[in-house]
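Okay, so here's the structure we're looking at.
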Amino acid sequence: MTLALGCIADDYTGASDLANTLTRAGLRTVQTIGVPADDLALPEVDAVVVSLKSRSIEAGHAVTRSRAAERWLRGRGAGHVLFKICSTFDSTDAGNIGPVMDALRADSKDNIVLVTPAFPETGRTVYQGNLFVGSVPLNESPLKDHPLNPMHDSNLVRVLARQSTTKVGLVDLATLSRGTEAVRAKLAELARSGIGAAIVDAVFDRDLETIGQVALDHGLSVGASGIGLGLARALVAAGKAKSAAVNAVTSAAIGGPAACLAGSCSQATLRQIASAEKVMPVLHLDPERVIAGEDEAQRALAWAKERLGTGPILIASSSTPEQVAALQSRHGRDAAGHAIEQAMADIAEGLVRSGVRRLVVAGGETSGAVVDRLGIPGFLVGAEIAAGVPVLRAVGAGKGEMVLALKSGNFGGPEFFSDALALMP
Ligand SMILES: Nc1ncnc2c1ncn2[C@@H]1O[C@H](COP(=O)(O)OP(=O)(O)OP(=O)(O)O)[C@@H](O)[C@H]1O
Ligand SMILES: O=C(O)[C@@H](O)C(=O)CO
């Protein structure tokens, strides 16, 4: 297998978002969980998205894991590697976008790296280096209350410079609108002045197409699904990947019980849970009991088992920003997050043991904990439920067929849970 594109995603929902975008743009794509084992039988593909759970871990570990993924991808012929980060640039001053970018840039020997989280289809645009979420700057968006990495600065040139050892510059929209040669000239000028990374503005898909073409001159780029779209279209246009080749993902019904788990506390997910209450039984976990080590997972499983026979159910740990802040101040951010993620993984494992083969999970960290516990090595991409969220069919799981949807916290419409289950018969 010679890859046209290798991707390293810093969380699992982000990986499925990217795999979805690449598939829709015509690349045969597989999403793997971690660096694939040598004996994992992968189909012939144009792109592999290696999913890591490296967004919120210690920066040194994120670097080591990302480099291992990069070595695997380059070993399969990938001439270009995309480090997939969140479209809302989720990170802290300690990383992990900057440290991972610096390490991968040292490996690729690029003098400058193009960086953009723009993903216009989901309302993420970058102008003058400032990230907008819909109509508001990042620091006024719900991301200011993110439980793990609250975002308080919209200026990505500043945000990335605080995390990286290199100087960070800007390729603005005016330059971008003048086309690929203007962008190349600007990058060369920035590189001559010792700048090693450039935030690139992008508002429309056509901007991403320009970025994709220029990025292919380099060995590495950093961004969200939008730059994935640009790279995929550039690869197809250059004849390096087969246009219109789609994954042969069967849509055959799986049947049996279905369940949803929500660990995301984003406003979008809170709205989706409220809508789900109208159409399916919903159990709200008690986070205090989870952290106290009481068997909240067993209580949830007993509750679920009584209901699974009659239709889908939803189990949520999600709380409002005020409740999350109060819990974190009592127990610490990481301890609270970790305990709840592990409870979700326990519940997912119990649900699968009870026959669930259709599972929807909301939240990137939550999805990571669940998929790891289920031991699923990879996914093929099926139908698109909402922008950035596909149906995923597990490959090589050895536990029978299973379909999942891993929803990024902020993605999906109000009826997301029902929309997902409707496409997962
Ligand atoms: N009630 C709660 N109080 C505090 N933390 C919670 C609560 N419920 C869930 N969490 C934790 O909050 C974090 C949510 O992160 P997660 O990545 O799953 O969602 P997200 O950030 O909204 O999604 P994404 O990363 O896809 O944007 C997890 O660590 C989860 O365990
Ligand atoms: O880019 C995004 O917003 C998502 O794919 C994601 O990474 C959220 O975790």
Side-chain angles (χ1 to χ4, degrees), residues 7 9-21 31 49 51-57 82-91 97 116-124 131 133 138 141-143 145-151 222-229 261-270 272-273 284-291 296 315-345 347 361-371 386-390 406-412:
C7 306
D10 68 352
D11 83 346
Y12 295 8
T13 49
S16 65
D17 164 18
L18 177 61
N20 179 54
T21 297
Q31 172 183 354
V49 183
S51 329
L52 300 181
K53 196 171 183 295
S54 58
R55 186 174 291 173
S56 307
I57 63 176
L82 167 62
F83 172 38
K84 159 69 176 70
I85 57 163
C86 191
S87 65
T88 47
F89 220 76
D90 294 19
S91 54
I97 298 174
T116 187
F119 187 18
E121 196 186 342
T122 55
R124 275 59 156 170
L131 176 57
V133 178
L138 177 66
S141 78
L143 273 297
D145 299 316
H146 190 281
L148 304 178
N149 44 259
M151 301 303 290
V222 177
S225 258
I227 195 168
L229 179 79
L261 298 175
S264 162
C265 301
S266 71
Q267 281 189 12
T269 304
L270 293 176
Q272 290 156 353
I273 295 168
H284 293 271
L285 296 177
D286 179 342
E288 282 292 354
R289 282 176 52 98
V290 171
I291 294 167
E296 198 53 0
I315 298 172
S317 68
S318 322
S319 311
T320 61
E322 298 72 31
Q323 291 166 324
V324 170
L327 192 84
Q328 290 181 337
S329 70
R330 284 194 295 276
H331 303 285
R333 186 194 74 172
D334 292 345
H338 182 74
I340 295 170
E341 286 167 33
Q342 288 314 305
M344 283 300 195
I347 294 169
V361 189
E365 298 295 325
T366 309
S367 297
V370 164
V371 170
V389 198
L406 308 179
K407 186 191 82 78
S408 295
N410 294 296
F411 286 177

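In listed order, ligands and their atoms are each counted from 1.
Across every non-hydrogen atom of G363 and S264, the tightest pair is CA-CB, 3.7 Å. The shortest heavy-atom contact between V133 and R124 is CG1-NH1, 4.1 Å. Nearest heavy atom pair, residue N20 against residue G388, reads ND2-N, 3.8 Å. Of all non-hydrogen atoms in G412 and Q272, the two that sit nearest each other are O-NE2, 3.0 Å. Taking every heavy atom of both residues into account, K84 and D17 meet most closely at CE-OD2, 3.9 Å. Nearest heavy-atom pair, D11 versus G364, reported as atom, atom and distance to 0.1 Å: OD2-CA, 3.3 Å.
Remark: ligand 1 and H338 share no N or O pair separated by less than 3.5 Å (distance only, no angle test). Between E365 and ligand 1, at least one N/O pair is under 3.5 Å apart. Where the criterion is an N or O separation shorter than 3.5 Å, residue side chain and backbone included, T88 fails it with respect to ligand 2. Residue-to-ligand polar distances keep N410 apart from ligand 1: every N/O pair is separated by 3.5 Å or more.
The backbone N or O of A369 sits nowhere less than 3.5 Å from a side-chain atom of Q342 that would complete a donor-acceptor pair. A donor-acceptor pair under 3.5 Å links the side-chain atoms of E296 to the main chain of D286, judged by distance alone. In terms of modelled atom types and a separation under 3.5 Å, the side chain of K407 and the main chain of G409 share a donor-acceptor contact.
In terms of protein heavy-atom proximity, atom 18 (O) of ligand 1 is closest to T366 OG1, 2.6 Å. Shortest contact from atom 8 (N) of ligand 1 to any protein heavy atom: S317 OG, 2.9 Å. In terms of protein heavy-atom proximity, atom 8 (C) of ligand 2 is nearest to S408 OG, 3.2 Å. Protein heavy atom nearest atom 5 (N) of ligand 1, with residue, atom name and distance: I340 CD1, 3.9 Å. Nearest protein heavy-atom contact of atom 28 (C) of ligand 1 is E341 OE2, 3.5 Å. At the shortest separation from atom 27 (O) of ligand 1 among protein heavy atoms lies G409 N, 3.4 Å. In terms of protein heavy-atom proximity, atom 1 (O) of ligand 2 is closest to S87 N, 2.8 Å. Regarding atom 5 (O) of ligand 2, its nearest protein heavy-atom neighbour is D17 OD2, 2.6 Å. The nearest heavy-atom contact from the protein to atom 22 (O) of ligand 1 is S264 OG, 2.7 Å. Among all non-hydrogen protein atoms, the one lying nearest atom 7 (O) of ligand 2 is R55 NH2, 2.7 Å. Protein heavy atom in closest approach to atom 31 (O) of ligand 1: G337 O, 2.9 Å. Closest to atom 14 (C) of ligand 1, if we only count protein heavy atoms, is G263 O, 3.5 Å.
With a 4.5 Å cut-off on side-chain heavy atoms, P287 and S317 do not count as touching. Looking only at side-chain heavy atoms (C-beta outward), D145 and P142 stay at 4.5 Å or farther from each other. Using a 4.5 Å heavy-atom threshold, the side chains of L18 and L82 count as touching.
Per-residue contacts place P287 under 4.0 angstrom from the following atoms of ligand 1 (heavy atoms of the residue considered): 1 (N). Residue T13 has at least one heavy-atom neighbour below 4.0 Å for each of these atoms of ligand 2: 9 (O). Those atoms of ligand 1 that come under 4.0 Å of a heavy atom in S408, given as number and element, are 26 (O). Listed by number with element, the atoms of ligand 1 under 4.0 angstrom from any heavy atom of G364 are 16 (P), 17 (O), 18 (O), 19 (O), 23 (O), 24 (P), 25 (O), 26 (O). Atoms of ligand 1 found under 4.0 Å from any heavy atom of R55, numbered from 1 in the order shown, are 25 (O). Residue T13 has at least one heavy-atom neighbour below 4.0 Å for each of these atoms of ligand 1: 26 (O). Atom numbering of ligand 2 starts at 1 in the shown order; those under 4.0 Å from a heavy atom of K84 are 1 (O), 2 (C), 4 (C), 5 (O), 6 (C), 7 (O). For ligand 1, the atoms closer than 4.0 angstrom to any heavy atom of S319 are 1 (N), 2 (C). Counting atoms of ligand 2 from 1 in the listed order, those under 4.0 Å from a heavy atom of C86 are 1 (O), 2 (C), 3 (O), 6 (C), 7 (O), 8 (C). Every atom of ligand 1 is numbered from 1 in the order shown, and the set under 4.0 Å from a heavy atom of H146 is 20 (P), 21 (O). Annotation for ligand 2: atoms under 4.0 Å from non-hydrogen atoms of D11 are 7 (O), 9 (O).
The OH atom of Y12 lies 10.0 Å from the OG atom of S367; values are rounded to the nearest 0.5 Å. L131 contributes atom CG, which lies 8.0 Å from atom CG of L143 (distance to the nearest 0.5 angstrom). Remark: L138 CG to S87 OG distance equals 9.5 Å, nearest 0.5 Å. In this structure, OG1 on T366 lies 8.5 Å from CG on L261, to the nearest 0.5 angstrom. To the nearest 0.5 Å, atoms CZ (R55) and CG (N149) are separated by 7.5 Å.
Heavy atoms of F119 found under 4.0 angstrom from ligand 2: none, in either backbone or side chain. With a 4.0 Å heavy-atom cut-off, ligand 1 is reached by no atom of Q328. At a heavy-atom cutoff of 4.0 Å, ligand 1 is contacted by the side chain of D11 but not by its backbone. If you look at M344 next to ligand 1, there are no close heavy atoms at all, none under 4.0 Å.
Within the structure, the closest approach of Q323 to ligand 1 does not fall below 4.0 Å when heavy atoms are considered. The closest approach between any non-hydrogen atom of A336 and ligand 1 is not below 4.0 Å. For G14, the closest heavy-atom approach to ligand 2 falls below 4.0 Å.
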(request) Under the side-chain hydrogen bond (donor to acceptor under 3.5 Å, both in side chains) rule, what do D90 and T88 come out as? Steps first, then yes or no, please. (result) CA-CA 6 Å; D90 294 19; T88 47; 2.6 Å; yes

(request) Start with the C-alpha gap between E288 and H331, add the side-chain angles, then the distance that decides, and say whether side-chain hydrogen bond (donor to acceptor under 3.5 Å, both in side chains) holds. (result) CA-CA 9 Å; E288 282 292 354; H331 303 285; 2.9 Å; yes

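Atom 3 (N) of ligand 1 has its nearest heavy-atom neighbour, among L143, L327, D334, V361, in L327.
Around the CD atom of Q328, the shell of radius 6.0 Å holds more than 12 heavy atoms that belong to other residues, nucleotides or ligands.
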